[in-house]
Amino acid sequence: MPFVTAGDPDLEFTSAVIEELVARGASMCEVGIPYSDPIADGQVIQESYTRALSRGIKVSDILQTLGQLAPRINGPLVTMVSHAIIYRHGMERYADALQDKGIAGMIVPDLPVDESDGLAAVCKTRDLSLIQLVTPTTSRDRALKIADTSSGFLYYVSVAGITGERSVVPQELQERVGWLREQTSLPVCIGFGISQPEHVRVLCQVADGLIVGSAIVRRMADAATDSRDQALRQVGDYLSSLLAVMDAR
Amino acid sequence: MLPPPGSCSADVPDETGRYGKFGGRYVPETLVYALDQLAAEYEAACGDATFRGELDGLLQNYVGRPSPLFFARRLTAHCGGAEIWLKREDLNHTGAHKINNTLGQALLTKRMGKKRVIAETGAGQHGVATATACAHFGLQCVVYMGEEDIRRQAPNVFSMKLLGAEVRGVTSGSRTLRDAINEAMRDWMSSVETTHYILGSVVGPHPFPKIVRDFQAVIGRETIQQSHAQFQGLPNTVVACVGGGSNAAGMFYPLVGHHEVELIGVEAGGRSSSPGDHASPLTYGSPGILHGSFSYVMQDEDGQTSPVHSMSAGLDYPGVGPEHSYWKSTGRVNYTCCSDEEALAAFDVLASCEGILPALESSHAVAHAMAWARERSSDQRIVVCLSGRGDKDASEIARLKRG
Ligand SMILES: Cc1ncc(COP(=O)(O)O)c(C=O)c1O
C-alpha cells in the first residue's frame with residue numbers, strides 16, 4: 001500500500017504515479033495532502049510537502065484530481081491529512097468533499113482518539129473510513145479504544161518516531177501487531193520505516209497490509225530532475241520488487 | 001460591551017486541556033504517552049511540598065526573586081500622564097522571565113527520571129534559560145533554533161554553547177520559532193521515553209499551556225503583593241507583550257479575578273497590518289490548529305500556516321497560547337499590537353530615560369504603556385511586564401538602525 005505526496009511536482013504526475021502503482025498491484029493508495037507543519041514526518045516527506053506548497057497547491061485542486069482518478073482505478077484512495085486542514089475546511093465540508101469525489105476515507109495523524117469523536121461521527125454518517133493510528137507507546141487499553149473507534153483499517157506505526165526509511169524494523173513489532181490483530185476484526189496495516197524487501201518478507205505474515213511512504217516519495221522526487229517516464233518506471237519497478245517478495249511467500 | 005461578570009474563569013483548563021473551546025491536544029498518538037506522563041507527574045508535584053520548596057528556594061537564591069516592581073519616574077515624566085511601573089523580569093538570572101519555567105520543568109524532568117532535555121527557542125532567551133537549568137541539574141540539553149534566529153540573536157547562541165548545550169540550526173520553512181518547535185516535536189517523537197521537551201511558552205498540547213502558565217504565575221502574584229506594599233492598591237492597568245504568551249499569562253493569570261484591573265496584551269504589529277507583515281494572530285487571525293492546540297493562528301483558507309514577521313525573534317510566531325484565545329473570547333483581556341517602529345522608539349526612550357535596555361519583545365509592551373499613560377491622569381497607574389533585557393538585541397538594533 002503506497003503513500004504518495006499530492007502535487008510533487010504537480011498533480012498530473014501524482015495521478016500518473018497512482019495509476020502506475022495500482023496497475024502494478026497496489027491494493028490501495030494513501031495520498032498525502034501537503035501541510036506546512038507536519039510534525040510526524042521525516043525529511044523526505046517534509047521536503048516533498050514544502051515543494052508542493054511552494055507551487056501553490058490547494059486542497060480543492062487535489063480533491064478534484066483524485067475525483068477524476070478514483071473511478072479509473074481498481075483500488076480505494078484515502079487521504080492522509082492534518083487536522084489543521086480539516087478544521088479550517090470544516091469537518092463536514094471536508095467529509096462531504098471526499099464522499100463526493102469517491103475517496104474512501106482519511107488518516108489524520110495529529111488527531112488522537114481523545115479528540116476524534118466529532119470527526120468519527122461525521123465519517124460514520126457518510127460511510128467514510130477514519131483510519132486511526134496505534135504506536136509502540138500506546139497502552140493496550142488505549143489500543144482497544146482506538147480499534148473501537150476506527151474504521152477501514154488500523155494503522156500500526158512500527159516505531160516511536162517520524163516517517164522515514166529505516167534499515168531494521170523493531171524486534172517487538174511482530175508480537176505487538178499479532179496481539180492487536182487478535183483483538184479486532186479490522187485489518188491491521190503496518191507503516192513508518194518500511195522500505196526494503198527484507199522488511200516485507202518479515203512483516204507480510206504478521207500484518208494485513210504494509211504501507212510504504214518515504215521510499216516512494218523519494219523516488220517520485222527524481223521526476224523533478226530525471227524524465228517523468230523514467231521516474232514513473234522506477235517507482236513502479238520498486239513496488240513490483242516489494243510485491244514479488246509477498247507473492248513468493 | 002462588558003461580558004457578564006464571572007464569564008471568565010480562572011478554573012481552567014478542564015482535564016482535557018480546554019480553555020472554553022480552546023486548547024486540547026492535537027498531536028500524533030506517539031506523543032500522547034509522554035503528555036499523559038507529564039500531566040500526571042505535574043499533578044503529583046503540585047501536591048508535594050518538597051517540590052514546591054525546592055523550586056521556591058531556587059527562584060529566590062538562584063534566580064534572585066522576587067524581581068523588583070520599579071517606579072519609572074523619568075519615563076512617567078517624559079510621557080506626562082499616568083505613573084508607569086516596571087515589573088523587572090529583566091533582572092532575573094539569564095535576563096528574562098523564561099527561567100521561571102525552565103527551572104520548574106527541569107525539576108519535573110528529574111522527577112520523571114529523564115536525563116535528556118530538548119527545547120526550541122526564538123530569541124534564544126528560552127534556550128539560554130533551558131541550558132542554564134540543565135547545567136544546574138546535570139541534564140543533557142539540545143536546543144533547536146531557526147537559522148534566521150541564530151543570526152539575529154547570536155549572543156544567546158554563544159551563551160547556550162558555553163553552558164554546555166548543543167544548538168541545532170533549523171533550516172526548514174521560515175527558519176524561525178515555528179520551525180524550531182516542529183523540529184523539537186519531531187525529536188520528541190523518537191525520544192519520548194528518555195527525553196523531556198521543555199516547551200518555552202504557554203503553547204502546544206495540553207498540559208504545556210497550563211504548566212508554563214503556573215510556573216510563570218509567580219510574576220503576577222509578586223506584582224499583586226508589591227503593588228499593595230508600594231502604592232496600597234492594584235494598578236489600573238497591566239500590560240505585557242505576547243509572543244506565545246508566557247510572560248503575559250504569568251502576569252495576567254493571578255489578576256484575572258481582579259475585575260477592576262484592565263489587562264492588555266500587545267502583539268507584534270511588525271511592518272504593517274498586511275498579511276505576512278506582522279505576527280498578531282489575536283488581532284488579525286482566526287481560530288485554528290497549530291502545534292497541537294486550538295487557538296488563534298495566522299493561517300490561509302486551507303489551514304496552512306501563513307508567514308509572519310516581527311523584528312523581535314521572540315514574538316515572530318504565527319500562533320498564541322489557548323488561554324489567551326479564551327481571555328480574548330470572554331473579553332477579560334484586550335489585545336492590541338504595536339509596530340516594529342514604535343517598539344524601537346520605546347526601546348530608545350526607556351534606555352535614555354531610565355538606563356534600562358529592554359528586550360525588543362518587552363519594548364512592545366513599553367510602547368503601548370507609554371501611549372496609554374499619555375492619555376491618562378497622574379493618579380492612574382500602569383504596570384508593564386518588562387519580560388527581558390535587551391543586551392541580546394544590541395547588535396541587531398544597530399543593524400536595523402543602519403537600515
Ligand atoms: C524577553 C522576552 N519577552 C517575551 C518573549 C515572548 O514569549 P512569551 O510571549 O511566551 O512571553 C520572549 C521570547 O523569547 C522573550 O525572550
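Letters go in sequence order (proteins before strands), and every chain restarts at 1.
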**Student:** Select one option (side chain, backbone, both, neither) describing which atoms of A:Pro136 are under 4.5 Å from chain B's heavy atoms.
**Tutor:**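 For A:Pro136, no heavy atom lies under 4.5 Å from chain B.
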**Student:** Roughly how far, to the nearest 0.5 Å, is the CD1 atom of B:Ile181 from the CD1 atom of A:Ile39?
**Tutor:**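 CD1 of B:Ile181 is found 8.5 Å from CD1 of A:Ile39.
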**Student:** According to ring-ring contact (aromatic ring centres under 6.0 Å, His included), who are the partners of B:His206, at least two apart in sequence or on a separate chain?
**Tutor:**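 So B:His206 forms no ring-ring contact (aromatic ring centres under 6.0 Å, His included) with any residue.
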**Student:** Keeping the roles fixed (side chain from A:Glu115, backbone from B:Gly24), state whether a donor-acceptor pair exists under 3.5 Å.
**Tutor:**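 The answer is no, because no donor-acceptor pair under 3.5 Å joins these two groups.
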**Student:** Would a distance-only check, ignoring hydrogens and angles, find a side-chain to backbone donor-acceptor pair under 3.5 Å from B:Asp302 to A:Lys58?
**Tutor:**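 Checked: no pair found.
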**Student:** ring-ring contact (aromatic ring centres under 6.0 Å, His included) with B:Tyr33: which residues, sequence neighbours excluded?
**Tutor:**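 Partners of B:Tyr33 under the ring-ring contact (aromatic ring centres under 6.0 Å, His included) test: none.
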**Student:** Tell me, yes or no, whether the heavy-atom count around A:Gln43 atom CD, taken from other residues, nucleotides or ligands under 6.0 Å, exceeds 12.
**Tutor:**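 Counting neighbours around CD of A:Gln43, 12 or fewer heavy atoms of other residues, nucleotides or ligands fall under 6.0 Å, so no.
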**Student:** Return yes when atom CD of A:Gln171 has more than 12 non-hydrogen atoms of other residues, nucleotides or ligands closer than 6.0 Å, and no otherwise.
**Tutor:**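 Counting neighbours around CD of A:Gln171, 12 or fewer heavy atoms of other residues, nucleotides or ligands fall under 6.0 Å, so no.
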**Student:** I want to check something: taking the side chain as every heavy atom from C-beta on, are B:Thr16 and A:Asp114 in contact at a cut-off of under 4.5 Å?
**Tutor:**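 No - every pair of side-chain heavy atoms lies 4.5 Å or more apart.
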**Student:** Can you find a pair of side-chain heavy atoms, one from A:Thr135 and one from B:Thr30, that are under 4.5 Å apart?
**Tutor:**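 A side-chain contact under 4.5 Å exists here.
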**Student:** What part of A:Ile33 gets within 4.5 angstrom of chain B, counting heavy atoms only: side chain, backbone, both, or neither?
**Tutor:**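 When you check distances to chain B, no heavy atom of A:Ile33 falls under 4.5 Å.
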**Student:** Measure A:Thr50 against the heavy atoms of chain B and call it side chain, backbone, both or neither at under 4.5 Å.
**Tutor:**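 Neither part; nothing is under 4.5 Å.
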**Student:** Within the supplied structure, the quantity of interest is the number of heavy atoms (other residues, nucleotides, ligands) at a distance under 6.0 Å from B:Glu43 CD; does it exceed 12?
**Tutor:**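 Not more than 12 within 6.0 Å, no.
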**Student:** Can you tell which part of A:Ile62 gets under 4.5 Å to a heavy atom of chain B, answering side chain, backbone, both or neither?
**Tutor:**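 When you check distances to chain B, no heavy atom of A:Ile62 falls under 4.5 Å.
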**Student:** Using a cut-off of under 4.5 Å for heavy-atom pairs, which of B:Glu193, B:Glu29, B:Met189 has the most such pairs with chain A?
**Tutor:**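 Max contact count across the listed options: B:Glu29.
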**Student:** On a heavy-atom basis, which atom in A:Tyr35 and which in B:Gly303 lie closest, and how many Å separate them?
**Tutor:**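 That closest heavy-atom pairing would be CE1-O, 3.5 Å.
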**Student:** Using a heavy-atom distance cut-off of less than 4.5 Å, which residues of residues 316-323 of chain B contact chain A?
**Tutor:**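 Not one residue of residues 316-323 of chain B has a heavy atom under 4.5 Å from chain A.
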**Student:** What are the two closest heavy atoms between B:Pro28 and A:Ala40, and how far apart are they?
**Tutor:**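 B:Pro28 and A:Ala40 have their closest heavy atoms at CG-CB, 3.9 Å.
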**Student:** For B:Asp187, is it the side chain, the backbone, both or neither that has a heavy atom under 4.5 Å from a heavy atom of chain A?
**Tutor:**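 Interface part for B:Asp187: neither.
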**Student:** Looking just at side-chain N and O atoms, do A:Gln46 and B:Ser172 make a donor-acceptor pair shorter than 3.5 Å?
**Tutor:**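 On atom types as modelled, these side chains do not qualify, holding no pair under 3.5 Å.
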**Student:** Heavy-atom count around A:Glu175 CD within 6.0 Å, excluding the residue itself: above 12?
**Tutor:**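 Not buried by this count: 12 neighbours or fewer within 6.0 Å.
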**Student:** Using a cut-off of under 4.5 Å for heavy-atom pairs, which of A:Asp41, A:Val108, A:Val157 has the most such pairs with chain B?
**Tutor:**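 Answer, by heavy-atom pair count under 4.5 Å with chain B: A:Asp41.
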**Student:** Any side-chain heavy-atom pair from B:Val192 and A:Thr137 closer than 4.5 angstrom?
**Tutor:**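 A side-chain contact exists here, since the closest heavy-atom pair is under 4.5 Å.
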**Student:** Would you check if the side chain of B:Gln304 reaches a backbone N or O of A:Ser36 as a donor-acceptor pair within less than 3.5 Å?
**Tutor:**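 Looks like yes, one N/O pair under 3.5 Å.
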**Student:** Quick check for you: to the nearest 0.5 Å, what is the distance between A:Asp37 atom CG and B:His291 atom NE2?
**Tutor:**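 If I round to the nearest 0.5 Å, the distance is 5.0 Å.
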**Student:** With a 4.5 angstrom heavy-atom cut-off, is it the side chain or the backbone of B:Glu183 that approaches chain A, or both, or neither?
**Tutor:**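 For B:Glu183, the side chain is the part near chain A, not the backbone.
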**Student:** With a 4.5 Å heavy-atom cut-off (strictly below), which parts of residues 83-105 of chain A touch chain B? List them by number.
**Tutor:**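 The list, in residue order, reads A:His83, A:Ala84, A:Ile85, A:Tyr87, A:Arg88, A:His89.
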